[in-house]
Each structure stands twice: as C-alpha cells, then as structure tokens.
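On a predicted model such as this, the values are computed, not experimentally measured, just so you know. Both backbone and side-chain heavy atoms feed into the values below; hydrogens, waters and symmetry mates do not.
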Amino acid sequence: MKTISLLLIIVGCPFLLLACQSQAEQMTLLDDVSSVSVSKSDGYGGISGKHVKTINKDTLTTTFQQVLENAKGRKQNVDVYQGRPDYDLVVHYENGGTHLLHLTIGNKGEKSRVMYTGHEHNGFDLSVEDTALLRGMLENNSDRY
C-alpha cells in the first residue's frame, strides 16, 4: 500500500506542476475602464505626465478593457536602464482606481507587450489582432479618441 501511494505521488506531482505552469497569468483589472490617458514614455519606472491623448468613448474603453483581459502574462528580461517603452498609460476605472502601465507596441503583424509600472519583468503579451486595435486608437490624430 505504501509503495502504491509513493508511486502515485511520484507520478502525479509532475503532472500537477505542469498543469499549474501551463496557465498563463492574466492582468488584474480593478473595475470597468472609464478612460485611458496616454503619453509618450520617458522610460521605465515612472509615468510621463505629458498626456497626448485620452481614450474615453464607451466603445473604445470597452475595447481597451477587452485587450487587457486577453493579455497573457510571462516573465521577461527587460533592460530598464537602456530600453524604453513606447507609451505610458494611466488606466482610470469607474470605481475611481487607477493602474499605471507601460506599453511597448509591436509593428504591423507583431505582438505588443504591456506591463505594470514598477513590475517590468512581468509582462503581458498582446496578440497581433489586439495590437492592431491599439495602433488604431493610438495613431488617430485626435487628442480625444
């Protein structure tokens, strides 16, 4: 009986560990997104206060929220001293909370990456399709999209 129990433990533990590792971490959102303030990034670790765009139309904030919910987490190596994200984002929630994010946007046909400010080594990948949606929002010439 002890041999069978030990064998089950030895065989079962690796499967449990693999199952836990295969689940991608997702971003934690505080509530529904009410608006997103966008600025060109000055670098990792902080948020630029020079907002160049505010995304605040209901359909767009819903789309932006869905993009964040679709993001898949992964560990990454980021050189916070040499590199720089493309955009800094302040996500405003309906409950009054905020999140500070960095966005490195991919070129056409590439993925993008978003990360919480101060937690740059835990990034979240955005699909090629979601990158195209974000590009459309960010490249619109209007300061309010």
Test side chain to side chain contact (heavy atoms under 4.5 Å, CB included) on Asn95 and Leu30 and set out the steps.
CA-CA 8 Å; Asn95 67 3; Leu30 302 176; 4.3 Å; yes
Pair Asp88, Ser41 - check side-chain hydrogen bond (donor to acceptor under 3.5 Å, both in side chains), show working.
CA-CA 5 Å; Asp88 293 332; Ser41 183; 3.0 Å; yes
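Under a 4.5 Å side-chain heavy-atom criterion applied to ILVMFWY residues, the cluster that includes Val128 comprises that residue alone.
Shown here for Val38 and Ile55, the closest heavy-atom pair between the two residues is CG2-CD1, 4.2 Å. Here the closest heavy-atom approach between residue Thr54 and residue Ser37 is recorded as OG1-OG, 4.3 Å. Contact record, Gly43 with Pro85: C-CD, 4.0 Å, taken as the closest heavy-atom pair.
Sorted by first and then second residue, the salt bridge (Lys or Arg N to Asp or Glu O under 4.0 Å) pairs involving residues 27-51 (not counting sequence neighbours) form an empty list.
Note: His121 NE2 to Arg74 CZ = 12.5 Å, rounded to the nearest 0.5 Å. Rounding to the nearest 0.5 Å gives a distance of 10.5 Å between CG of Asp58 and OG1 of Thr63. The structure places CG of Leu126 at 10.0 Å from CG of Leu133, a figure rounded to the nearest 0.5 Å. Between the CD1 atom of Ile105 and the CE atom of Met137 there is a distance of 9.5 Å, given to the nearest 0.5 Å.
Not a single ring-ring contact (aromatic ring centres under 6.0 Å, His included) links His92 to another residue, sequence neighbours left out. Legend: residues meeting side chain to side chain donor-acceptor pair (under 3.5 Å) with Lys108, ordered by chain and number and at least two apart, are absent. The salt bridge (charged side-chain N to carboxylate O under 4.0 Å, His left out) search around Asp130 returns none, not counting sequence neighbours. Listed by chain and residue number, Thr62, Glu69 satisfy the side chain to side chain contact (heavy atoms under 4.5 Å, CB included) test with Gln66 (two or more places apart in sequence, or in another chain).
At least one side-chain heavy atom of Phe64 sits under 4.5 Å from a side-chain heavy atom of Leu134. You'll find the side chain of Tyr116 reaches within 4.5 Å of the side chain of Leu101, heavy atoms only. The closest side-chain heavy-atom distance from Met27 to Val114 is below 4.5 Å. Inter-residue side-chain proximity for Val36 and Val90 is flagged as unmet; no heavy-atom pair is nearer than 4.5 Å. At a threshold of 4.5 Å between non-hydrogen side-chain atoms, the residues Leu103 and Leu138 count as touching.
Side-chain N or O atoms of Asn56 include none that pairs as donor or acceptor with a backbone N or O of Ser35 at under 3.5 Å. A side-chain donor-acceptor contact under 3.5 Å links Gln65 to the backbone of Val33. A donor-acceptor contact shorter than 3.5 Å links the side chain of Glu120 to the backbone of Gly118. Between the side chain of Ser112 and the main chain of Thr131, no donor-acceptor pair closer than 3.5 Å is present.
Taking the six-membered ring for Trp and the full ring otherwise, Tyr44 and His102 have centroids separated by under 6.0 Å. Here the two rings, on His99 and Tyr93, have centers that are under 6.0 Å apart.
Residue Phe124 is not grouped with residue Ile47 when hydrophobic side chains (ILVMFWY) are merged at heavy-atom distances under 4.5 angstrom, including chains of intermediate members. Hydrophobic clustering (ILVMFWY, side-chain heavy atoms < 4.5 Å, transitive): Leu100 and Leu89 are in distinct clusters.
Ion pair Asp125/Arg113 flagged as a salt bridge, since at least one NZ, NE, NH1 or NH2 atom sits closer than 4.0 Å to an Asp/Glu carboxylate oxygen.
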